[in-house]
Participant: 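Have a look at this one.
A, B, ... follow the sequence lines: proteins, then strands. Residue 1 opens every chain.
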Amino acid sequence: MKQKIEGLLLHAFAALKTSGVIDQSVVPNIVVERTRDASHGDFSSNMALTLAKTAKTNPKQLAEKIIALLPQDKHIINVELAGPGFINFFVDRNAQYDIIKRIHNEGPGFGLSNIGAGKKVQVEFVSANPTGPLHVGHGRGAAYGSVVADLLEAVGFNVHREYYVNDAGRQMDILATSIWLRYLEVCGEVLPFPSNAYRGDYVRDIAWNIHNTAGNEYRRPAELIVENIPLDEPQGGDKETHIDAMIVRAKTLLGTSLYRDFFQMGLNTILEDIKDDLEEFGVDYQQWFSEQQLMEDGSVDIAVARLRAGGHLYEQDGAVWFASSKLGDEKDRVVIRENGQYTYFASDIAYHMNKLDRGFDQIVDIWGADHHGYVPRIKAAITALGTDEAKLKVLLVQFAILYRGDEKVQMSTRSGEFVTLRQLRNEVGKDAARFFYVMRRSEQHMDFDLKLATSKSNENPVFYVQYAYARVCSVLRQLDEKGWERNLLSGMDNRTRLTEEHEVNLVTILARYPEVLERAALQYEPHQLVQYLRELATAFHTYYNAHQFLVDDAQIRDARLNLICAVKQVLSNGLGLLNITTPESM
RNA sequence: GCGCUUGUAGCUCAACCGGAUAGAGCACCAGCCUUCUAAGCUGGGGGUCGCAGGUUCGAGUCCUGCCAAGCGCGCCA
């Protein structure tokens, strides 16, 4: 309907041009919106207001001319000029009821579209370091990313979901060393645990497992380990140099091969845990991309060589710098350190080069908001690699600030004091967790009150939407119990008898669903879908309380059943996209 | 100090490329269960859209300045 009206306006616009009211060079900018107020009709356009200036007339006069030039359409029963120059369209109510039929025919496919035209989009999200279990901060990125991906797929994009595994680098060495030190404690060695090491219980668990299978094979005496190691911070030293020395000590005492065992055990155990966790959270990936792989197959070398060939690199103070400040970054960045090692940034350039080489039409990176300062340098790298940086869209997700009632929950991966995503899921369930996470705009700081989310009360909005679905199911069960049959065809034939205000309202809300999906997807805003589902549920609950569905008049009854089944279908489609269950009874 | 993000009802948040009277939920007050599940519904109070300018037919939305909060500003990842 919206497109139809846009077409009519476009027609009028062309006529305005030929009659000379508007200059030939003016580009049409036709905007048709659904009205907020029913007295403004069903659709509205501000075309006359926006064009008044270029047409050098006042908006009202222009609007009159446009209305006069509009072609007839059997579904448009009235066109009005209103306010400062709005053109309001009133649509034939009977035509609107067709949506009920359409929803029934299209079923789970209702709302899907092909705006994406099969374009390849890569969505990378979560990508947390495999140095510990996912915490509730990662949960928001996981929920948000997976829904963004699903929405894009729903509107016709070819979506590739990916997790970048940072399985190389210093953090992993700290993990491996942490595990080894815990293992030595299990063996009975007495030695201090570095303040900068990973302290979580999961580190101990991995150490225990290694000891169970390998016994004392990796045991080394404590004296050798602490010998000549620079002091840790609590003893007045520097925690970074201390932990780095411990890593080197672990490597020398164990040798490359045995050290590797700890590294791999840590990585494998934690990565498996993350994979299980995400799967149980309803988050799927097409690919887990390894940073190590990138280092080993020479991709980083190639990426750096390409930057060098493009004249984007220079040497200074013994390091190799990328001149990113010429491409919008605030300063230049090191890609190869003085010690000859690549920086994390270098492998990230290689990773993005790899993404570009795989031929995606659009790349979407979803990061925690604390990484926002990283955006300009990655964009600069993409430009330097010869690609339009608009190909990369970086979406930032603000951290959820955790509360228990009024008390703020402090979190730190290193100290091991954090609430894991798994704990959250166990406490509130997958559905509530997902719903909460995507309920807000992603850039919005979010307060996540564990007390509130864990209380299974009606304050939890997910129940409200699910309950609407369950109620429809309940009505259908009642229908059976009364021994009545639902006559689908009769219901369709009588759909125009749904003249109650609540019914008309519900029909227009249902008709909006495809538009909501499209906008939510193209703007990467899942919360729009959530808002919509809440609105639909409200309209349904209101209707439910105002009118009886299972009435004696079979024609009305069937028409109403068809309407609420359409509601059920749209709730199912929408909740399905959010990967939230639709219980038939609650 | 510089940069990014945010600032809307007591609290948590919406508001479609700038559109018509800024909307929900929670909390609060008053009502609705012999009728399809009361995890529901109806009504009510509650707002200088952080502050001050500007742009225009029109600004919560765009621009400038200021205030406040969060984050970032490594040869860490």
Side-chain angles (χ1 to χ4, degrees), chain A residues 29 31 33-37 39-40 44-46 48-50 52-53 58-60 82-86 88 129 131 166 168-172 174 240 291 316-321 330-331 333-345 347-348 368-376 396 398-399 401 439-441 443-449 452 456-464 466-468 470-479 481-482 512 515-516 518-520 523 525 527-528 530-531 534-535 537-538 540-551 560 564 585-586:
Chain A
N29 181 27
V31 176
E33 288 185 337
R34 285 187 182 272
T35 56
R36 290 198 185 123
D37 190 332
S39 68
H40 298 144
S44 171
S45 177
N46 62 355
L49 291 162
T50 55
K53 201 162 202 176
N58 78 58
K60 283 197 174 185
F86 290 104
N88 293 338
N129 283 350
T131 52
N166 292 116
R170 182 166 169 263
Q171 296 304 320
M172 289 304 296
I174 296 178
E240 304 291 349
E291 182 190 3
Q316 191 183 307
D317 304 329
V320 178
W321 298 69
E330 25 176 78
K331 55 177 94 164
R333 311 288 173 178
V334 170
V335 286
I336 304 175
R337 291 197 278 258
E338 206 175 348
N339 65 11
Q341 289 196 317
Y342 287 120
T343 57
Y344 172 82
F345 180 45
S347 54
D348 224 7
D370 55 335
H371 287 78
H372 64 77
Y374 206 73
V375 178
L396 300 173
Q398 286 287 348
F399 282 130
I401 303 162
M439 198 164 60
R440 310 298 182 205
R441 249 172 57 230
E443 316 90 84
Q444 186 70 248
H445 298 259
M446 187 175 90
D447 288 352
F448 201 128
D449 186 348
L452 187 81
K456 280 212 164 185
S457 74
N458 54 357
E459 288 167 20
N460 227 329
V462 63
F463 291 130
Y464 184 81
Q466 288 178 320
Y467 185 42
R471 266 185 158 172
V472 178
C473 296
S474 174
V475 171
L476 295 176
R477 283 193 297 270
Q478 286 290 320
L479 182 77
E481 282 171 29
K482 292 194 185 214
R512 264 172 48 211
E515 296 161 26
V516 170
E518 178 183 333
R519 228 178 59 215
Q523 300 184 0
E525 292 189 340
H527 79 274
Q528 293 193 23
V530 176
Q531 295 284 97
R534 294 177 77 174
E535 197 184 331
T538 302
F540 172 76
H541 286 309
T542 308
Y543 179 39
Y544 180 96
N545 275 276
H547 299 283
Q548 189 81 13
F549 307 147
L550 300 177
V551 291
R560 287 184 173 171
I564 66 168
S585 68
M586 292 175 73

Participant: Picking from B:rC36, B:rA39, B:rC16, which would you name as closest to the side chain of A:Arg36?
Facilitator: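 Of all the options, the side chain of A:Arg36 is nearest to B:rC16.
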
Participant: In whole Å, I'd like the distance from the CG atom of A:Asn545 to the C1' atom of B:rU35.
Facilitator: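 It works out to 12 Å between those atoms.
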
Participant: Can you find a donor-acceptor pair, distance only, under 3.5 Å between A:Asp370 side chain and B:rA77 base?
Facilitator: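 No pair found.
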
Participant: Side-chain contact test, heavy atoms from C-beta onward, threshold under 4.5 Å: evaluate it for A:Trp321 versus A:Val335 and give yes or no.
Facilitator: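 Heavy-atom side-chain distance check fails, nothing below 4.5 Å.
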
Participant: Between A:Arg441 and B:rU6, does any side-chain N or O lie under 4.0 Å from OP1 or OP2?
Facilitator: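 Checking B:rU6 against A:Arg441, a side-chain N or O does come within under 4.0 Å of OP1 or OP2.
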
Participant: Could you measure between the two P atoms, the one in B:rA22 and the one in B:rU5, and give it in whole Å?
Facilitator: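 My reading of the P atoms in B:rA22 and B:rU5 gives 28 Å.
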
Participant: Over all heavy atoms of both residues, which pair between A:Gln548 and A:Arg560 is shortest? Give the atoms and the distance, please.
Facilitator: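 That would be O-NH1, 2.7 Å.
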
Participant: Any donor-acceptor pair, under 3.5 Å, between the side chain of A:Thr538 and the base of B:rA24, if you only look at N and O atoms?
Facilitator: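 It does not, because no donor-acceptor pair links the side chain of A:Thr538 to the base of B:rA24 below 3.5 Å.
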
Participant: For B:rG7 and B:rU48, measure between their C1' atoms and round to the nearest Å.
Facilitator: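 The answer is 15 Å between these two C1' atoms.
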
Participant: For B:rC16, does the base pair up with any side-chain atom of A:Arg519 as donor and acceptor (N or O, under 3.5 Å, distance only)?
Facilitator: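 It does, because a donor-acceptor pair links the side chain of A:Arg519 to the base of B:rC16 below 3.5 Å.
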
Participant: Any strand is fair game: report the nucleotide pairing with B:rG10 by Watson-Crick or G-U wobble, both distances under 3.5 Å, or none.
Facilitator: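 By the stated definition (distances under 3.5 Å), B:rC26 pairs with B:rG10.
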
Participant: OP1 or OP2 of B:rC41 less than 4.0 angstrom from a side-chain nitrogen or oxygen of A:Tyr464, does that happen here?
Facilitator: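 For A:Tyr464, the contact criterion (side-chain N or O under 4.0 Å from OP1 or OP2 of B:rC41) is met.
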
Participant: B:rG60 pairs with which nucleotide, Watson-Crick or G-U wobble, both distances below 3.5 Å?
Facilitator: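 B:rG60 is paired with nothing.
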
Participant: With both distances under 3.5 angstrom, what nucleotide forms a Watson-Crick or G-U wobble pair with B:rC71?
Facilitator: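 Because both required distances fall under 3.5 Å, B:rC71 counts as paired with B:rG3.
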
Participant: Please report the C-alpha distance between A:Ser39 and A:Asp37 in whole Å, then the side-chain angles of each, then the deciding distance to 0.1 Å, and finally whether the side chain to side chain donor-acceptor pair (under 3.5 Å) criterion is met.
Facilitator: CA-CA 5 Å; A:Ser39 68; A:Asp37 190 332; 3.1 Å; yes

Participant: Picking from B:rA20, B:rC17, B:rU6, which would you name as closest to the side chain of A:His445?
Facilitator: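 Within the option list, the nearest is B:rU6.
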
Participant: Provide the distance between the two C1' atoms, one in B:rG1 and one in B:rU8, to the nearest whole Å.
Facilitator: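 Taking atom C1' in both B:rG1 and B:rU8, they lie 31 Å apart.
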
Participant: Can you tell me if the side-chain N/O atoms of A:Arg477 get under 4.0 Å from OP1 or OP2 in B:rC36?
Facilitator: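 Negative; the distance criterion is not met.
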
Participant: Between A:Thr542 and B:rU42, is there a side-chain N or O to OP1/OP2 distance below 4.0 Å?
Facilitator: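 So the side chain of A:Thr542 is within the cut-off, an N or O lying under 4.0 Å from OP1 or OP2 of B:rU42.
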
Participant: Is there a side-chain polar atom (N or O) of A:Arg471 under 4.0 Å from OP1 or OP2 of B:rA38?
Facilitator: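 Yes.
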
Participant: Which one is paired to B:rG65, where only Watson-Crick or G-U wobble pairs with both distances under 3.5 angstrom count?
Facilitator: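 B:rC51 - that is the nucleotide pairing with B:rG65, both distances being under 3.5 Å.
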
Participant: Choosing from B:rA77, B:rU35, B:rU5, which nucleotide comes nearest the side chain of A:Gln398?
Facilitator: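 Among the listed nucleotides, the one closest to the side chain of A:Gln398 is B:rU5.
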
Participant: Find the partner of B:rC32: check Watson-Crick (N1-N3 plus N6-O4 or O6-N4) and G-U wobble (N1-O2, O6-N3) distances, both under 3.5 Å, and reply none if neither fits.
Facilitator: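 Here B:rC32 is engaged in a pair, and the nucleotide opposite it is B:rG40.
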
Participant: For B:rC49 versus B:rA15, give the span between their C1' atoms, rounded off to a whole number of Å.
Facilitator: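 B:rC49 and B:rA15 have their C1' atoms separated by 11 Å.
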
Participant: B:rA77 phosphate, OP1 or OP2: any side-chain N/O from A:Arg337 under 4.0 angstrom?
Facilitator: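 Checking B:rA77 against A:Arg337, a side-chain N or O does come within under 4.0 Å of OP1 or OP2.
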
Participant: Does a side-chain N or O from A:Lys331 land closer than 4.0 Å to OP1 or OP2 of B:rG74, or not?
Facilitator: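 For A:Lys331, the contact criterion (side-chain N or O under 4.0 Å from OP1 or OP2 of B:rG74) is met.
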
Participant: Give me the distance, rounded to whole Å, that separates B:rG50 from B:rA59 when you measure between the P atoms they each carry.
Facilitator: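 The same atom, P, in both gives a distance of 15 Å.
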
Participant: So, does A:Gln444 get its side chain near the phosphate of B:rA14, meaning an N or O under 4.0 Å from OP1 or OP2?
Facilitator: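 Yes, because at least one side-chain N or O of A:Gln444 sits under 4.0 Å from OP1 or OP2 of B:rA14.
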
Participant: What distance, rounded to whole Å, do you find between the two C1' atoms, one in B:rG43 and one in B:rU37?
Facilitator: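 To the nearest whole Å, 24 Å.
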
Participant: Hey, mind stepping through A:Glu240 and A:Arg170 against salt bridge (charged side-chain N to carboxylate O under 4.0 Å, His left out) and telling me if it holds?
Facilitator: CA-CA 11 Å; A:Glu240 304 291 349; A:Arg170 182 166 169 263; 2.4 Å; yes

Participant: Ignoring hydrogens and angles, does a donor from either the side chain of A:His372 or the base of B:rG3 sit under 3.5 Å from an acceptor on the other?
Facilitator: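 Flag set: donor-acceptor pair detected.
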
Participant: Starting from the C-alpha separation in whole Å, work towards a yes-or-no answer on side chain to side chain donor-acceptor pair (under 3.5 Å) for A:Gln531 and A:Gln528.
Facilitator: CA-CA 5 Å; A:Gln531 295 284 97; A:Gln528 293 193 23; over 6 Å; no

Participant: Let's see if you can work this out: which of B:rC75, B:rU37, B:rC36 has an atom nearest to the side-chain heavy atoms of A:Gln548?
Facilitator: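 Of B:rC75, B:rU37, B:rC36, B:rC36 is nearest to the side chain of A:Gln548.
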
Participant: Is any side-chain N or O of A:Gln316 closer than 4.0 Å to OP1 or OP2 of B:rC75?
Facilitator: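 The answer is no; no side-chain N or O of A:Gln316 sits under 4.0 Å from OP1 or OP2.
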
Participant: Distance check, P atoms only: B:rC4 and B:rC41, in whole angstrom units.
Facilitator: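 My reading of the P atoms in B:rC4 and B:rC41 gives 43 Å.
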
Participant: Within a strict 4.5 Å, meaning less than it, do heavy atoms of the A:Lys60 and A:Pro84 side chains meet?
Facilitator: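 The answer is no, as the side chains (C-beta and beyond) never meet within the 4.5 Å cut-off.
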
Participant: Taking B:rC62 as the reference, what is the distance to B:rU56 when you measure between their C1' atoms (whole Å, please)?
Facilitator: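 Nearest-Å result for B:rU56 against B:rC62 at atom C1': 11 Å.
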
Participant: Is the positively charged end of A:Arg337 above the ring of A:Tyr342, judged by distance under 6.0 angstrom from the centroid and angle within 45° of the axis?
Facilitator: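 No.
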
